[in-house]
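Report on one structure; see the data block that follows.
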Amino acid sequence: MPHDFRLYNTLTRKVETFAPLHEGKVGLYLCGNTVYSDAHIGHGRAMMVFDMVVRHLRARGWDVRFVRNFTDVDDKIIAAAAETGEDPLALSARFIDRYREDAAALGLVEPTVEPKVSTHIDAIIDMVSKLVERGHAYENEGTVWFSVESKADYGKLSGQKVDELRSADVGSKRNAADFALWKGAKPGEPSWDSPWGPGRPGWHIECSAMSSKHLGEVFDIHGGGLDLVFPHHENEIAQSECAHGTEPMARYWMHNGLLTMPSGQKMGKSKGNAFGIRDLLAQYPAEALRLYYLQSHYRSPLPWDPATGAQMDESLAMLARLYEAREVAEAMGGEESAEEVAAALGDDARRVLELGQSFEERFLAAMDDDFNTAQALGVTFELARAINRFANHKKAKKRGAPVVAPALKGFQQLTSSMGLLGMSTQAFLDEVKAKRLQALGVERSEIEQLLVDRTQARADKDWARADAIRDELEAKSIVVMDRADGVDWKIRLVSAEA
RNA sequence: GGCGCCAUACCCAAGUGGUUAAGGGACGGGUUUGCAAAACCUGUAUGCGGCGGUUCGAAUCCGCCUGGCGCCUCCA
């Protein structure tokens, strides 16, 4: 299936047509987390954005090899372990387990390979040795530094020039911008033997070593948060290209935008304003968060206001609308041809048929244009509205199936490319209710009893009592919905209270 | 000081040279309903931070200005 797929490349600062190195195959490396604390929703955005990238590339027929690493040996981890007296590697192992739980809870596809630093020390030492041999690195008192002056195009990713950097002390380095490949061991720190004595890897080298080991010296796409462009990714490029003598290290560099707080500041562990993924998933289904992230373009900054749940409530309501529209369409029957139904049931039938038929092309055109998920979702909501509009017709339920069939196929595309609508409507609604009730501190049995009472009152045409019960439920944030086939209820959204 | 990015309605957010400026929320009116809710219909930017310029034509390109953010130190 040949198609034009376009992608913004940080390296060239342009949107480019994507062509993988090897026909039909894509190698993708994503900088995962440094595991010394739980992931917050800023990490969640990167996780979710690249999950969408992997899903969509696969949906488009590419065989994607997806590598996402753990940095489990690092200054921050050592510092965190020192505070609790825990062994640094035990601490990082603990947070790796928690990260995996979060990833599963978010509904992320599993990486093909999930390497970590502590099991790649040999590859790292080999790479550092090569850099020393080739004259790109030098050792000083057990620490090995990369020499930025040894690479003429150092700074090509971030546009930085070595002499323009605002730098710290030169210390024992030749140039203030030189960075550590291997750090000599200090007492009490985890360390491994090396040609330069006991020590541990510097911050950037692990990604160079692990990406080349699992994807090759030159691979297709390297991803990460925008805040990693410099110095992390810049330094990865320098190390990899100098060690291997090949370039580019990665042919396309993708960076997701950051979550910003009301002050405009980004969310970050170091800012002390992080909001945990676990806290959020206790209250909302993962797909609501996924929809929230994908409503805006992955490169834009995304506002997050922890003071109100309005954003998540809005996303949850939008998602529920999609699930319900799909449910409505699935419930339709009929054996005629789509043309017959469209001719018999009028403009709304024809419109839902035509929108369904053109959906895939419009949806994919948006997704293939640098992952324009916002536009793809816009197209999806148009389709949902057309379904609901058509569903208002008396004969839609009995005869509508043929004209909504293309729309239902379209929803499958949404699932495969974006990971939305991945569960049954019933399971989704149950999860929403359970999580929202938990957050509100309301018992489900209590609600169900009140609904039984109200149904009886309605059967008796005791409207005053029925309304009184509804008011009582309303006070608990429960909204009652009478339907032809019974009664349903939902949690009123926080934003509706304002 | 250096390198980059952003500014679209009350809010979120697509659109980056040419028909009526997507989509969602909020709010008003309506259909429906015992009353509601949901759903659907309908209204709400002659306007795209400001000022100039290029062009037959600009939210879209160029310049300046204003406001804001990221990176240069750990960060998705």
Contact pattern, 5' to 3', of nucleotides 32-37 of chain B - B, S or - by protein heavy atom under 4.0 Å: --BBBB
List the residues meeting side-chain contact (heavy atoms from CB on, under 4.5 Å) with [X], not counting sequence neighbours, and say none if there are none.
X        : value
A:Leu319 : A:Glu287, A:Ala288, A:Leu291, A:Tyr323, A:Leu420, A:Leu421, A:Phe428
A:Ala365 : none
A:Arg483 : A:Met481, A:Asp485, A:Asp488

N/O-N/O pairs, protein side and nucleotides 39-41 of chain B side, under 3.5 Å:
unit_1	atom_1	unit_2	atom_2	d
B:rA39	O3'	A:Asn388	ND2	3.2
B:rC40	OP1	A:Arg321	NH1	3.3
B:rC40	OP1	A:Asn388	ND2	3.4
B:rC40	OP2	A:Arg321	NH1	3.4
B:rC40	O4'	A:Asn392	ND2	3.2
B:rC41	OP1	A:Arg389	NH1	3.3

What is the distance, rounded to the nearest whole Å, between atom CD of A:Glu382 and atom C1' of B:rA14?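 To the nearest whole Å, that distance equals 12 Å.
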May I have the distance from A:Lys161 (atom NZ) to B:rC3 (atom P), rounded to whole angstrom?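 Result: 6 Å.
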Does anything in residues 104-115 of chain A pair up under side chain to side chain donor-acceptor pair (under 3.5 Å), and if so which pairs, sequence neighbours excluded?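 Output for this query lists A:Arg68-A:Glu114, A:Arg100-A:Glu114.
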Which residues within residues 220-234 of chain A lie with some heavy atom under 4.0 Å of an atom in RNA chain B?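 Within this stretch, A:Gly224, A:Gly225, A:Asp227, A:Leu228, A:Phe230 sit under 4.0 Å of the strand.
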Using distance only, find each side-chain donor-acceptor pair of residues 392-400 of chain A under 3.5 Å and give its atom names and separation, not counting sequence neighbours.
unit_1	atom_1	unit_2	atom_2	d
A:His393	NE2	A:Asp348	OD2	3.0
A:Arg399	NE	A:Glu336	OE2	2.8
A:Arg399	NH2	A:Glu336	OE1	2.8

Given the C1' atoms of B:rC41 and B:rU32, what is the spacing between them in whole Å?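 About 11 Å, rounded to a whole number of Å.
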A:His232: which residues meet the ring-ring contact (aromatic ring centres under 6.0 Å, His included) condition with it, sequence neighbours left out?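 Testing A:His232 for ring-ring contact (aromatic ring centres under 6.0 Å, His included), a comparison that skips the adjacent residues, returns A:Trp203, A:His204.
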Under the rule for ring-ring contact (aromatic ring centres under 6.0 Å, His included), what residues qualify as partners of A:Tyr292, not counting sequence neighbours?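 In terms of ring-ring contact (aromatic ring centres under 6.0 Å, His included), with neighbours along the sequence ignored, A:Tyr292 is linked to A:Trp304.
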Check: residues 371-382 of chain A side-chain donor-acceptor pairs under 3.5 Å, at least two apart:
unit_1	atom_1	unit_2	atom_2	d
A:Asn372	OD1	A:Gln375	N	3.1
A:Thr373	OG1	A:Leu294	O	2.7
A:Thr380	OG1	A:Ala376	O	2.8
A:Glu382	OE1	A:Arg362	NH2	3.4

Look for any protein N or O under 3.5 Å of an N or O in nucleotides 6-11 of chain B and output each such pair with its distance, or none.
none

